[in-house]
Novice: 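There's a structure below that I have some questions on.
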Number of protein chains: 2
Amino acid sequence: MSPIRVINPDGTFTTGPETTERLLTPGEVAQIFGVGPKTVNRWALTGRIPSVRTPSGQRRYRETDVITLLSGDRSS
Amino acid sequence: MSPIRVINPDGTFTTGPETTERLLTPGEVAQIFGVGPKTVNRWALTGRIPSVRTPSGQRRYRETDVITLLSGDRSS
DNA sequence: TAACAATGGGGTAATTGGGGGC
DNA sequence: TATGTCCCAATTACCCCATTGT
């Protein structure tokens, strides 16, 4: 993973020359996949999805990781 | 299929310039069509309806795809 | 009658959701 | 208000087989 270069006023941050990252809450990821927030936490516990921890212990998920899972080639 | 561009706070996400998507569970789709969940599963396996997989393997269906099928644009 | 497609039921294992409490 | 965690019932995926209709 690329190192963080610049943090923007809107909360996004660059990890490379042209890449901008965004962190999603468990609730946001849950709605994206059509499941509950607890299920997303379960995914993190079982290693199905990478996660970042806030200093208080809550989980955040990279938008790029979510998009990768959504694009996962399991069409059927 | 268009690549995902942006994920919104309400769980929708754009797959193109102006498109927003939502996902339905097998049970919901089954209730909509008046069939059993297993039949919806079979539709996905036979390619009659597109589906997205959760990281754990369960299927979710795009509301727009269901609406399209309900609209009755079938070949026969 | 045979062949075929579509649907549902049974069984099993894995996943999920809801309640409760923190 | 949202989240992290635990427990339990409901849902789902996947297999095979019976039924129905063409």
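Residue numbers start from 1 in every chain, and the chains themselves are labelled A, B, ... in the order their sequence lines are given, proteins ahead of strands. Side chains included, hydrogens not; waters and symmetry mates left out as well; all remaining heavy atoms used.
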Novice: Does anything in residues 22-58 of chain B pair up under ring-ring contact (aromatic ring centres under 6.0 Å, His included), and if so which pairs, sequence neighbours excluded?
Specialist: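 For residues 22-58 of chain B: B:F33-B:W43.
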Novice: What's the closest nucleotide to the side chain of A:N41 if the choices are D:dA13, D:dT5, D:dC14?
Specialist: D:dT5
Novice: Whole angstroms only, please: what is the CZ-P distance between A:F33 and D:dT11?
Specialist: 23 Å
Novice: Does A:R59 put a side-chain nitrogen or oxygen below 4.0 Å from OP1 or OP2 of D:dT3?
Specialist: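 Checking D:dT3 against A:R59, no side-chain N or O comes under 4.0 Å of OP1 or OP2.
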Novice: Looking only at heavy atoms, what is the nearest atom pair of A:G36 and A:A30, with distance?
Specialist: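 Minimum heavy-atom contact is C-CB, 3.5 Å.
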Novice: Excluding sequence neighbours, so at least two apart, what forms side-chain hydrogen bond (donor to acceptor under 3.5 Å, both in side chains) with A:T46?
Specialist: none
Novice: Locate the shortest heavy-atom distance separating A:S51 from A:Y61; write the atom from each residue and the value.
Specialist: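 So the minimum-distance heavy-atom pair works out to CB-CE2, 3.6 Å.
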Novice: Which pair of non-hydrogen atoms, one from A:G34 and one from B:T25, has the smallest distance, and what is that distance?
Specialist: O-CG2, 4.3 Å
Novice: Quick test: give all pairs of protein nitrogen or oxygen and nucleotides 19-22 of chain D nitrogen or oxygen below 3.5 Å, distance rounded to 0.1 Å.
Specialist:
none

Novice: What is the distance from CD of A:E28 to C1' of D:dT1, rounded to the nearest Å?
Specialist: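 From A:E28 CD to D:dT1 C1': 14 Å.
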Novice: Check side chain to side chain contact (heavy atoms under 4.5 Å, CB included) between A:T12 and all other residues, then give those that pass, not counting sequence neighbours.
Specialist: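 Partners of A:T12 under the side chain to side chain contact (heavy atoms under 4.5 Å, CB included) test: A:N8, A:D10, A:T20, A:R22.
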Novice: Using atom names, set out every protein N or O paired with an N or O of nucleotides 7-11 of chain C below 3.5 Å, distance rounded to 0.1 Å.
Specialist:
from, atom 1, to, atom 2, distance (Å)
C:dT7, OP2, B:W43, NE1, 3.1
C:dG8, OP2, B:G36, N, 3.2
C:dG8, OP2, B:T39, OG1, 2.2
C:dG8, N7, B:R42, NH2, 3.1
C:dG10, N7, B:K38, NZ, 2.9
C:dG10, O6, B:K38, NZ, 2.5

Novice: Does a nitrogen or oxygen in the side chain of B:T25 sit under 4.0 Å from OP1 or OP2 of C:dT16?
Specialist: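 Indeed not, no polar side-chain atom of B:T25 lies that close.
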Novice: For B:I49 and B:V66: C-alpha separation, side-chain torsions, deciding distance, then whether side chain to side chain contact (heavy atoms under 4.5 Å, CB included) applies.
Specialist: CA-CA 8 Å; B:I49 181 175; B:V66 174; 4.3 Å; yes
Novice: Applying side-chain hydrogen bond (donor to acceptor under 3.5 Å, both in side chains), can you list everything that pairs with A:R60, at least two apart in sequence or on another chain?
Specialist: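 side-chain hydrogen bond (donor to acceptor under 3.5 Å, both in side chains) check on A:R60 returns A:Q58.
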Novice: Does A:T14 have any side-chain hydrogen bond (donor to acceptor under 3.5 Å, both in side chains) partners at least two apart in sequence or in another chain, and if so, which?
Specialist: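 Here no residue qualifies.
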Novice: For the helix from C:dA3-D:dT22 to C:dG19-D:dC6, what is the angle between the axes at its two ends, each from 5 pairs, rounded to 10°?
Specialist: 40°
Novice: Which residues pass the side chain to side chain contact (heavy atoms under 4.5 Å, CB included) test with A:L45, sequence neighbours left out?
Specialist: A:R59
